[in-house]
Amino acid sequence: MSRRETERILAAIRDVRSRGERAALATVVRVRGSAYRREGAQILVRENGGWECLLSGGCLEPAVADAAARVIATGAPVLVPYDLEDDSVWGLGIGCTGAVDVLIERLDDDEVMRAWIDRLERGAPAVLVTPLDGASGRLLVDAAGGTTGRITPVVPGLVDAARRRLAARSPHAGTEGLAGVDLFFAISQPPPSLVLFGAGHDAVPLARGAWDLGYAVTIVDSREAFLTSDRFPGMTRVHASFDRLGDAIALDARSAVVVMNHHLERDRQSLRAALASDARYVGLLGPRSRLHKLVAALRDEGAAPDDAALARVRNPVGLAIGAETPEEIAVSILGELVALDRGFEGGFLAGRESSLHRSDDSRALARS
């Protein structure tokens, strides 16, 4: 799920608890064939039958809510298979050609759930492991290997498997069998970071689109008047001199950067700061000639980036969709960011027979 969906689930949990109401969490734990959402998609079902977020395009949720009512009443979790292609069941002409398994559990206030909600609230890296059959209990595994809870009987290699999944290039939830036990791995991780150097007019739709996708967005500019909450609601705004960017903003391997100052000197200083960091993605707005000018200027001042650093630069930035307006440019850049994060090349989907949600590279990484 995206960070925004996670926030909605967490807000719903706080709400039902403040009201003293009961609720259930329903999670897609396995997908076979084509489905609207992938493993890890989740809804919270309230005692009154309402729900928060989506597991499908809206067709599956009423049936899940009905099943959740029984779980809320009894406290006994259930794993329910739904065949989305079976019109004798749905009668809706959904058109999906797959099936999903949904785990429905009552939202209880136990040690493991409290620890898991804490990790989700903080965006801290962790894995929640839940047996689907062959064992009982739950286990939360932190990035360093610390654990909360217990699964009985003990599953050899479980902690290592959880840490491998969390360390993947694009960590994602999924089901895996270990020592004859079918296990579901849910993922908590920090939101991806996007830092925009430049708070001009075209930064606004890019920042807001990235925020909607779940990025933690930071805007950096020397013009304080541009850094308002009206223009960048819910985002971090950094007023900084461009010749002291290293002191003003910390970039790490989780950071994506877009340089869009529309000013050569500010772009040079921004590019220098970005390439001196471990930022995984450095986008530079403008034609290829702009990059050549900036690299030449960096070379003249003795700060020429090496080939490895330059390989991180995306210029021209974005996907080739013929974007012209600020909104179209934002779509182009965000499309490239998502594609690279998921291990896709960003081409057309028309005619694609393989998974629409996972690239071959990401599936290989998940198995590694």
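The model shown is predicted, which means the values in this text are computed figures rather than measured ones.
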Rounded to the nearest 0.5 Å, what's the gap from [atom1] on [X] to [atom2] on [Y]? Could you check?
X: Leu194; Y: Ser255; atom1: CG; atom2: OG; value: 9.0 Å
X: Ile13; Y: Glu121; atom1: CD1; atom2: CD; value: 8.0 Å
X: Phe197; Y: Asn261; atom1: CZ; atom2: CG; value: 8.5 Å
X: Arg254; Y: Tyr215; atom1: CZ; atom2: OH; value: 10.0 Å
X: Leu337; Y: Arg342; atom1: CG; atom2: CZ; value: 11.0 Å
X: Leu196; Y: Thr218; atom1: CG; atom2: OG1; value: 8.5 Å

Decide yes or no on side-chain hydrogen bond (donor to acceptor under 3.5 Å, both in side chains) for His262 and Asp267, but give the supporting numbers first. CA-CA 7 Å; His262 300 282; Asp267 278 358; over 6 Å; no

Determine whether [X] and [Y] fall in the same hydrophobic cluster, where Ile, Leu, Val, Met, Phe, Trp and Tyr are linked whenever their side-chain heavy atoms lie under 4.5 Å apart.
X: Val257; Y: Leu291; answer: yes
X: Val258; Y: Val331; answer: no
X: Val259; Y: Val317; answer: no
X: Val80; Y: Val31; answer: yes
X: Met260; Y: Leu334; answer: yes

Any carboxylate oxygen within less than 4.0 angstrom of a Lys/Arg side-chain nitrogen, looking at [X] and [Y]?
X: Arg280; Y: Asp341; value: yes
X: Glu224; Y: Arg237; value: no
X: Arg4; Y: Glu7; value: yes
X: Arg114; Y: Asp110; value: no
X: Asp15; Y: Arg19; value: yes

With sequence neighbours left out, write down each residue that passes side-chain contact (heavy atoms from CB on, under 4.5 Å) with [X], or none if nothing qualifies.
X: Ala12; answer: Leu44, Arg46, Glu52
X: Arg150; answer: Thr152
X: Leu79; answer: Val29, Asp101, Leu103, Leu132
X: Asp306; answer: Ala308, Ala309

Could you walk me through whether Leu251 and Val195 pass the side chain to side chain contact (heavy atoms under 4.5 Å, CB included) check? CA-CA 8 Å; Leu251 302 173; Val195 177; 3.7 Å; yes

Can Leu340 and Tyr281 be said to form a side chain to side chain contact (heavy atoms under 4.5 Å, CB included), step by step? CA-CA 9 Å; Leu340 292 174; Tyr281 171 104; 3.7 Å; yes

Share the residues that join Val141 in a hydrophobic cluster, the rule being Ile, Leu, Val, Met, Phe, Trp or Tyr side chains under 4.5 Å apart at the heavy-atom level. Val127, Val129, Leu139, Ile151, Val155, Leu158, Val159, Leu166, Leu178, Val181, Leu183, Phe185, Ile187

Hey, is the main chain of [Y] close enough, under 3.5 Å, to the side chain of [X] for a donor-acceptor pair?
X: Glu47; Y: Arg22; result: yes
X: Asp221; Y: Phe226; result: no
X: Ser56; Y: Leu60; result: yes
X: Arg138; Y: Thr130; result: no

Can you give me the closest heavy-atom contact between [X] and [Y], atom names plus distance?
X: Ala203; Y: Gly198; result: CB-O, 3.4 Å
X: Gly123; Y: Ser188; result: C-OG, 4.3 Å
X: Val64; Y: Ala26; result: CG1-CB, 3.5 Å
X: Leu319; Y: Gly335; result: CD1-C, 3.7 Å
X: Ser270; Y: Phe242; result: OG-CE2, 3.3 Å

Can you list everything that forms a side chain to side chain donor-acceptor pair (under 3.5 Å) with [X]? Sequence neighbours excluded, please.
X: Arg244; answer: Asp247
X: Gln189; answer: none
X: Glu111; answer: none

Applying side chain to side chain contact (heavy atoms under 4.5 Å, CB included), run through Leu245 and Arg272 and close with a yes or a no. CA-CA 9 Å; Leu245 289 177; Arg272 179 173 181 172; over 6 Å; no

Which is it for Thr175 and Glu39 under the side-chain hydrogen bond (donor to acceptor under 3.5 Å, both in side chains) test, yes or no, and what are the steps along the way? CA-CA 8 Å; Thr175 299; Glu39 294 88 349; over 6 Å; no

Within-4.5 Å side-chain heavy-atom neighbours: Arg164 and Asp160: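 Yes, side chains in contact.
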
As a quick check of understanding, evaluate salt bridge (Lys or Arg N to Asp or Glu O under 4.0 Å) for Asp118 and Arg122, giving each step before the final call. CA-CA 6 Å; Asp118 171 72; Arg122 295 189 288 114; 2.8 Å; yes

Applying salt bridge (Lys or Arg N to Asp or Glu O under 4.0 Å), which residue pairs with at least one partner in residues 307-318 are found, sequence neighbours left out? Arg314-Glu336

Please table the atom pairs, donor to acceptor, closer than 3.5 Å between any side-chain atom in residues 320-328 and protein atoms at least two apart or in another chain.
unit_1: Thr325; atom_1: OG1; unit_2: Glu328; atom_2: N; d: 3.1
unit_1: Glu328; atom_1: OE1; unit_2: Glu324; atom_2: N; d: 2.8
unit_1: Glu328; atom_1: OE1; unit_2: Thr325; atom_2: N; d: 3.2

Should we say atom CD of Glu301 is surrounded by more than 12 heavy atoms from elsewhere, each under 6.0 Å from it? yes

Could you walk me through whether Leu294 and Leu284 pass side chain to side chain contact (heavy atoms under 4.5 Å, CB included), step by step? CA-CA 10 Å; Leu294 294 173; Leu284 174 65; 3.8 Å; yes

Using the rule given for salt bridge (Lys or Arg N to Asp or Glu O under 4.0 Å), can you reason through Arg30 versus Glu176, listing the C-alpha separation, both sets of side-chain angles and the distance that settles it, and then say yes or no? CA-CA 10 Å; Arg30 185 182 287 109; Glu176 183 177 341; over 6 Å; no

For residues 66-74, dump all side-chain donor-acceptor pairs below 3.5 Å to protein atoms at least two apart in sequence or in another chain.
unit_1: Thr74; atom_1: OG1; unit_2: Arg70; atom_2: O; d: 3.0
unit_1: Thr74; atom_1: OG1; unit_2: Ala76; atom_2: N; d: 3.2

With a 3.5 Å cut-off and sequence neighbours excluded, list the donor-acceptor pairs that the side chains of residues 206-214 form with protein atoms.
unit_1: Arg208; atom_1: NE; unit_2: Arg231; atom_2: O; d: 3.2
unit_1: Arg208; atom_1: NH2; unit_2: Asp230; atom_2: O; d: 2.4
unit_1: Arg208; atom_1: NH2; unit_2: Arg231; atom_2: O; d: 3.2

